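In what follows, a structure is listed as structure tokens, so that the remarks can point back to it.
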4 protein chains.
Amino acid sequence: MHITGMKLDKADMKRKVILRAALKIFGEKGYHYATLSQIAKEAGVSRGLIHFYFENKLDLIISLMLIFLEKLNSTHQQVLTREKDPVKKIHLYFKVISDIILNDDDSLCWGNILKEGLPKVQMLKSEKLREKYERIVGENKKLVTAITDIIKQAQTKGVFDNSIPPQIISFMFGGASQLLYYGLFLQRTRSNIVTSDESINESYIKKAMESLINKFIVQ
Amino acid sequence: MHITGMKLDKADMKRKVILRAALKIFGEKGYHYATLSQIAKEAGVSRGLIHFYFENKLDLIISLMLIFLEKLNSTHQQVLTREKDPVKKIHLYFKVISDIILNDDDSLCWGNILKEGLPKVQMLKSEKLREKYERIVGENKKLVTAITDIIKQAQTKGVFDNSIPPQIISFMFGGASQLLYYGLFLQRTRSNIVTSDESINESYIKKAMESLINKFIVQ
Amino acid sequence: MHITGMKLDKADMKRKVILRAALKIFGEKGYHYATLSQIAKEAGVSRGLIHFYFENKLDLIISLMLIFLEKLNSTHQQVLTREKDPVKKIHLYFKVISDIILNDDDSLCWGNILKEGLPKVQMLKSEKLREKYERIVGENKKLVTAITDIIKQAQTKGVFDNSIPPQIISFMFGGASQLLYYGLFLQRTRSNIVTSDESINESYIKKAMESLINKFIVQ
Amino acid sequence: MHITGMKLDKADMKRKVILRAALKIFGEKGYHYATLSQIAKEAGVSRGLIHFYFENKLDLIISLMLIFLEKLNSTHQQVLTREKDPVKKIHLYFKVISDIILNDDDSLCWGNILKEGLPKVQMLKSEKLREKYERIVGENKKLVTAITDIIKQAQTKGVFDNSIPPQIISFMFGGASQLLYYGLFLQRTRSNIVTSDESINESYIKKAMESLINKFIVQ
DNA sequence: CATGAATGAGAGTTCATTCAT
DNA sequence: AATGAATGAACTCTCATTCAT
């Protein structure tokens, strides 16, 4: 996934370079162990320039989250409107996420960005970042609502287990996929304490998520 | 869950007081935003005393993890050996976790401790913390292996879906429960961006996990 | 002696200002009683800037030592190659040291820097300071070897007492001059316990060192 | 040299044990890098007990200095009064020092104690240590005066070089012996940057000091 | 646009010292 | 006489952030 797919003037290019560097460093070291110096070095720019394009360190991860969430939601919107069957929609919803997250190695970082970034959203005090805050909250709500609504539809149609509230189901699906991607990330990046004999891999994850969803289908 | 259930002399009491304060502050603010000053204040002791009982800040979260993991594994061992049916064992495994995590309000912090602490385990360099490192890795492996093995048993017996590798299933179950508890935690502590109309609650979570597991049963 | 006699751009100027402040504070209070705050205040800069130019506190005294030793050795090299008579060389060797140490009031601090700094050299662990470590060891060896070699020459030529190993002689000469300069330093800076009626002064010191050396001449 | 040769009750024994531990640790690590914990451990007592017998950390090194200086002066007094020839007296003066300092391995630490301790004497503020302060200053003055006076005598008698003030000569002799003992200390304790091919040893040092003194004799 | 020197608040940590037992 | 838990002042060092150039 590209950080931006829009037309880029030179300034936007620099912004993009910094964001990609931030994605990598945040992903590798985690938000707090990542320093702006490292990001600047990775991006090949000076520390000062980061603050020209971004309010502060928080703004960097917030901006990354926003890019990811907007990309996700817009893709969802495009894809999901073309499909009418609610169960197929559920499959599509997670397939879109898979496709984006498993795209390339760096992309696995996106999961971490979200995991680390979300709890930080409420720290946004600066007036200037208020707008981004609103957008993130909105996008996140959109993402959660989307899947919850589809599940609700499927339940209403009688084709999906309706003994569990749709939001709970969406949390289960979300949690399952999150940990699978995180396991894959750890396996790829760090010699890890979670390792095991049978390693997790992409095709297993996709297949597993499909199986999981299918189990909620009611014949 | 109590931080220690052993007989306590006065020195152990203070250790416990500090650990409980650390659990709360780490849980509320996250490891990096928590300061030793805050923990000392919460515990009602001086900053220096923390370093009398603990090597450093990392030692605090590491010690908390160890307590949690050891409690979890020892309870699992007690409970699981009494049950022979593998499917019931799987249910028991997650019930034990539920019971411990949902015990009291502070207990919800445990999930966060683990989430934040595990990636830090590999940072342990100090010779003095090496031993704790080994124990954590061991306990974690034990925890993961336990559920994976039970699932494998159930699959071998032909009573559990064997189209998915047992480790992948354990990751799905683990991820699902993790996110549910985290959602509950956020709901209780912070005015949150993940909130929604239908709130998550304890009984829903337990019921949901049971349903989830049952869906993998093969008749 | 100036801390650097090279052409200075603005950045080097600040480095020099900090080093001069460090020289003064270290000299006055000793390494351990000197704080970075005091040095920063003396230099008129912030505490942080010291760490911009120097790795850490140790790097400050190490850098000072290096400047002093390099200055000493380079001056020795210039001066000593022009003189062929070994006895005159010995005189010159100590005259160079005198000239540098007695140059101005602050210069007396150099003796202290060396006295305190040398035992700290072996503490250098940081990879970044490794290079400085090598250079210091090299310069120090050069300094000691230089005088030992000249004495050896003089002994071989039969003009200098050869009943004592050259290194022992160089230690005696070195020790004698060290204590004389240290006495002068104490006299000038601190109300002292070593003071006496007859005070030490510069001309006495130079004359004394010359006499001392001459006593080892064999006619 | 024993820290005290007096009759010892049990309390004095503990004091002695602590002082000997302090001597070793101060000698090995230097005053600032030595911690009271290490000294307590070496002495086999608790940290608290050190403060029962000694005012504070400074008191420890001060007490060691006092023991050393008193021992030195009393031995000097005994030995020097028996000798009438001033030149022989000068030899005796340094022989006494040699005998005490080279006595055993730990004894080499005494030199360091003095080197580190003397600049600290003037820090003595506490009323309780005032008396020790006066005694140290007195003993130190006695030590310096003793040799200066003997040299003066020798000069007056016309048997010793009188072109240099006696105090300067005493500084030269003192400095020379100090550096020789320090070189020996470094050689024995630390892998050092001052090392050289020909190692310093005790008999060389004694012989060298004798030669040095003899060179000032006027026939 | 871009730099990097400069700032300073705040963190973790050490350790001499005190004091109840 | 002896302990060691408890304190807190003071230190070094990090690093996001600012700003003159």
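Proteins get letters first, then strands, A, B, ... in listed order; numbering begins at 1 in each. What you are looking at is a predicted structure, and each value in this text was computed from that prediction instead of being measured.
- Under a 3.5 Å cut-off, the side chain of D:E42 and the backbone N or O of D:A21 do not form any donor-acceptor pair.
- Taking the ring-ring contact (aromatic ring centres under 6.0 Å, His included) definition, one finds that B:F54 meets it with nothing, sequence neighbours left out.
- Comparing E:dA11, F:dC11, F:dT17 against the side chain of C:T35 picks out F:dC11 as the nearest.
- When the side chain to side chain donor-acceptor pair (under 3.5 Å) test is applied to B:K57, no partner is found at least two apart in sequence or on another chain.
- For B:R135 and B:E131, the salt-bridge test passes: some basic side-chain N is under 4.0 Å from an acidic carboxylate O.
- Side-chain nitrogen and oxygen atoms of D:Y53 include none within less than 4.0 Å of the OP1 or OP2 phosphate oxygen of F:dA1.
- Whole-Å rounding puts the A:I61 CD1 to F:dA16 C1' distance at 15 Å.
- Summarising the geometry, the separation between NZ on B:K29 and P on E:dG10 is reported as 13 Å, rounded to the nearest angstrom.
- One interatomic measurement links the two molecules: CD of A:E55 to P of F:dT18, which rounds to 8 Å at whole-angstrom precision.
- When the side chain to side chain donor-acceptor pair (under 3.5 Å) test is applied to A:K115, no partner is found at least two apart in sequence or on another chain.
- Sorted pairs that involve residues 31-41 of chain D and meet salt bridge (Lys or Arg N to Asp or Glu O under 4.0 Å), not counting sequence neighbours, are lacking altogether.
- Listed by chain and residue number, B:H32 satisfy the ring-ring contact (aromatic ring centres under 6.0 Å, His included) test with A:Y33 (two or more places apart in sequence, or in another chain).
- For A:Q38, the side-chain contact (heavy atoms from CB on, under 4.5 Å) partners are A:I25, A:K29, A:A34, A:T35, not counting sequence neighbours.
- Within residues 43-51 of chain B, the residues approached by DNA chain E to less than 4.0 Å at the level of any non-hydrogen atom are B:R47, B:H51, in residue-number order.
- For the P atoms, the distance from E:dC1 to F:dT21 is 23 Å, rounded to whole Å.
- One interatomic measurement links the two molecules: CG of D:L58 to C1' of E:dT17, which rounds to 14 Å at whole-angstrom precision.
- For DNA chain E, each stem of at least three Watson-Crick or G-U pairs (distances under 3.5 Å) is given as range with range: E:2-21 with F:2-21.
- Between C:K14 and the phosphate of E:dA6, there is a side-chain N or O to OP1/OP2 separation shorter than 4.0 Å.
- Nucleic acid contact class of B:A40 (heavy atoms, under 4.0 Å, all strands): none.
- Remark: A:R47 engages no residue in a salt bridge (Lys or Arg N to Asp or Glu O under 4.0 Å) (not counting sequence neighbours).
- OP1 and OP2 of F:dC11 both lie 4.0 Å or more from every side-chain N or O belonging to C:Y33.
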